[in-house]
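Notes for the one structure printed next.
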2 protein chains.
Amino acid sequence: MVEPPPGHELPLRLFAAFRAAVDAVHADLAAAGHPGLRPMHGFIFQAIGTQGTTAVELGARLGVTKQAAGKTIAALEQQGYVERAPDPADARRKAVRLTAKGLDVLDRSARTFDRVRAAWAAQIGPERLDALEADLAALAPGEPFRLDAPGWFSGS
Amino acid sequence: MVEPPPGHELPLRLFAAFRAAVDAVHADLAAAGHPGLRPMHGFIFQAIGTQGTTAVELGARLGVTKQAAGKTIAALEQQGYVERAPDPADARRKAVRLTAKGLDVLDRSARTFDRVRAAWAAQIGPERLDALEADLAALAPGEPFRLDAPGWFSGS
DNA sequence: CCATGATCGACAACCAGGTTTACTATATGG
DNA sequence: CCATATAGTAAACCTGGTTGTCGATCATGG
């Protein structure tokens, strides 16, 4: 009977591949005038999206309190990635939208992820990459868009 | 021509699978009298290992400063997971070793990771799981034991 | 044998991101 | 019209990390 690999190796390889893709994105972003963005910011930008959002909604998407979301928004506003405008329909709310600079991050990220995927397909073959993706979907079913990763790792 | 899936889906699925495995480990740990341990602690325990280590060495393995490693060690010592003893051969050094409680964490984690792997093999078939692992090794080559994940995500 | 430099661990001050608690301002529904 | 719920903000605090500094202890070259 053949010994299977130790069980911790597969999770580490999953994480290593994830990390490789994210590192590629952030290397591109850093080279394109967006230094200082961390992997967690990718989740935040995705959570804001092209539609914009509010502090409460952003907090819910990221799995943090609205106060934490508010701090994050303030920081991104400071750096010019988002802008806030009063909601004409509800004076309590403040609409948060990505600026052109913020949209550039979203756009570049998407293109780099596509580039990484194409490189991977070329490396192991598109069929095997599709099989890999299908198997992953079977092993960890459900919505892949869980944006509450910040906080999951070190969070309370 | 068939549209490939958006490139960000695969990384998210990689992360989701990693997260599922780690969550299984920490659910088991929490049920076994180790509540409050976060995913990042798994990396720390692995970095300390059965051999023990020192603050400087731990910092190097985790990719953080020795001061941060020292704080982490102090916190784990407080909770009874590690103990420090003076090194008889070098009075500057303090050997850090896992206590029985700490070794229990390491042991349980390894067994749960094995259990997860077995469950995954049963679900998609051992051949496909082996293929998945081999493909991942091809895509993100190199040492899978990169323990500097804490800090990578939100770090400086 | 000892002076100099490197290394180990600790302390202090600070920062980033998160939480809890508390508060104001605005909507909304009975 | 008022009671209750919701959006945003603020303050105090926690954790994990950083830089800078320091004393204590090796290690090495005169």
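Please read these numbers as outputs of a predicted model, since none were measured by experiment. We use all heavy atoms of the structure for the numbers below, so side chains are in, but hydrogens, waters and symmetry mates are not. Convention: sequence-line order gives letters A, B, ...; per-chain numbering from 1.
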- Query: Could you state the NZ-C1' distance from B/K94 to C/dA10, rounded to the nearest angstrom?
  - Reply: 8 Å

- Task: May I ask you to decide whether A/K94 forms a salt bridge with A/E77, counting only side-chain N to carboxylate O separations under 4.0 Å?
- Result: no

- Distance-minimising heavy-atom pair for B/G142 and A/R13: O-NH1, 3.7 Å

- Test ring pair (Phe, Tyr, Trp, His ring centres under 6.0 Å) applied to A/H34 - qualifying residues, sequence neighbours left out: A/Y81

- Item | Step-by-step side-chain contact (heavy atoms from CB on, under 4.5 Å) determination, A/L10 to B/W120 | CA-CA 11 Å; A/L10 181 51; B/W120 283 0; 3.6 Å; yes

- Query: Relative to each other, are the rings of A/F45 and A/H41 parallel, tilted or perpendicular (30° and 60° limits)?
  - Reply: perpendicular

- 5' precedence on DNA chain C between A/D90 and A/T65 (nearest-nucleotide basis): A/T65

- Item | Rounded interatomic separation in angstrom, taking CZ from B/F153 and P from D/dG16 | 17 Å

- What integer distance in Å separates A/R92:CZ from C/dT28:P? 6 Å

- Integer-rounded Å distance: C/dT7 C1' and B/D87 CG: 13 Å

- Query: Is the shortest side-chain N to carboxylate O distance from B/E133 to B/R117 below 4.0 Å?
  - Reply: yes

- Could you tell me if the ring centre of A/F153 sits under 6.0 Å from that of B/W152? no

- Query: Only one of B/L76, B/T72, B/I73 clears side chain to side chain contact (heavy atoms under 4.5 Å, CB included) with B/V96; which?
  - Reply: B/I73

- Task: From the options A/L106, A/L62, A/T54, A/V82, select the one residue that forms a side chain to side chain contact (heavy atoms under 4.5 Å, CB included) with A/I48.
- Result: A/V82

- Message: Contact list please: residues 46-59 of chain B against DNA chain D, heavy atoms, distance less than 4.0 Å, in numerical order.
- Response: none

Collect all protein-nucleotide pairs involving nucleotides 14-17 of chain C in which both atoms are nitrogen or oxygen and the distance is under 3.5 Å.
none

- Query: D/dG16 C1' sits how many Å from B/Q78 CD, rounded?
  - Reply: 16 Å

- Message: Please report the distance, rounded to the nearest Å, between CD in B/Q67 and C1' in D/dC22.
- Response: 11 Å

- Query: Taking atom C1' of D/dG23 as reference, at what distance in whole Å does atom CZ of B/R93 sit?
  - Reply: 18 Å

- Rounded interatomic separation in angstrom, taking CG from B/D148 and P from D/dT18: 11 Å

- Task: Using a cut-off of strictly less than 4.0 Å, decide whether B/R84 has a side-chain nitrogen or oxygen near OP1 or OP2 of C/dA10.
- Result: yes

